[in-house]
Amino acid sequence: MFHGRRIVGLAGALLLGLGLLSTSTRADDSDLGAPVTGADALTKLVTGNTVGGTVDGYGDTWAEFFCSTGRTIYAQGDHLDRGKWWVAHGELCFSYDDTDYQEVMCFDTYAKPDGRLAFVSRTPDGHRDLVFRSDPPVHGDRFRLNERTSDGCHANPSA
């Protein structure tokens, strides 16, 4: 996800059927889909999957592979970052090696019935800050991001 200086074929019906989506939304977030809440739901949605798309207001495309080890590999253009991901307080949270894992960003997650996702960071007063829009998650490392890094998904990557 967006950090520092850079900006699966799961159908929404299946997610609703599995109880992974909530049916309530903030009034200003109805265009994003239904919120995905809870640690189990978020973990099932992303673990072992690649997501990617665009960032509202930016022309850049991005992709991110969620390793089962809690590691993540984020790509924007030719740039790759290794990071960590976890679920806290109903949000997906990230920290990356380019900040020595000192900067943390957390995102609300939304899913549409067709499987497209939105990851939203918020300002301290609750307004949208960044919106990452993604095609439906694809199982596996679609863009071979793990192969393009030295320690990618290993539990303890070296700096």
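This structure is a prediction, so every number in the text was calculated from the model and none was measured. Below, all heavy atoms of this structure are taken into account, side chains as well, without hydrogens, waters or symmetry copies. Numbering of residues begins at 1 and proceeds along the displayed sequence.
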**Asked** So Tyr74 and Trp62, would you call those rings parallel, tilted or perpendicular, with 30° and 60° as cut-offs?
**Response** parallel
TODO: Report yes or no: do Trp86 and Ile73 belong to one cluster of Ile/Leu/Val/Met/Phe/Trp/Tyr joined by side chain heavy-atom distances under 4.5 Å?
DONE: no
Between the side chains of Arg122 and Asp129, is the shortest nitrogen-to-carboxylate-oxygen separation below 4.0 Å, so that they form an ion pair? no
For the backbone of Arg71 and the side chain of Trp85, can you confirm whether one donor and one acceptor N or O come within less than 3.5 Å of each other? yes
Sequence neighbours excluded, the answer for salt bridge (Lys or Arg N to Asp or Glu O under 4.0 Å) partners of Arg144 is Glu147
- Query: Backbone N or O of Gly90 within a donor-acceptor pair of the Thr37 side chain at under 3.5 Å?
  - Reply: no
| request: Answer yes or no: is there a side-chain heavy-atom contact under 4.5 Å between Leu45 and Thr109? | output: yes
Taken in chain and number order and not counting sequence neighbours, the residues that satisfy side-chain contact (heavy atoms from CB on, under 4.5 Å) with Asp78 are none
| query | Where do Arg116 and Asp135 land on the salt bridge (Lys or Arg N to Asp or Glu O under 4.0 Å) test, with the steps shown first? | reply | CA-CA 5 Å; Arg116 289 178 295 148; Asp135 292 329; over 6 Å; no
> Is the backbone of Leu130 close enough, under 3.5 Å, to the side chain of Ser121 for a donor and an acceptor to pair up by distance?
Replying inline: yes
| field | Cation-aromatic face contact Lys84/Phe94, 6.0 Å, 45 degrees | value | no
The complete set of disulfide bond (SG atoms under 2.5 Å apart) pairs with one or both residues in residues 48-77, sequence neighbours excluded, reads Cys67-Cys153
- [ ] For the pair Asp114 and Lys112, evaluate salt bridge (Lys or Arg N to Asp or Glu O under 4.0 Å) and give the outcome as yes or no after the intermediate values.
- [x] CA-CA 5 Å; Asp114 64 3; Lys112 290 193 171 194; over 6 Å; no
Checklist line | Sidechain-backbone polar pair: Ser134 side chain, Leu117 backbone, donor-acceptor under 3.5 Å | finding: no
*asked:* Please check: side-chain N/O of Thr72 versus main-chain N/O of Phe65, any donor-acceptor pairing under 3.5 Å?
replied: yes
- Message: Any salt bridge linking Asp108 with Arg128? Criterion: basic side-chain nitrogen under 4.0 Å from a carboxylate oxygen.
- Response: no
Taking the side chain as every heavy atom from C-beta outward, state whether Arg82 and Ser150 have any pair of such atoms under 4.5 Å apart. yes
- Query: Backbone N or O of Tyr96 within a donor-acceptor pair of the Thr99 side chain at under 3.5 Å?
  - Reply: yes
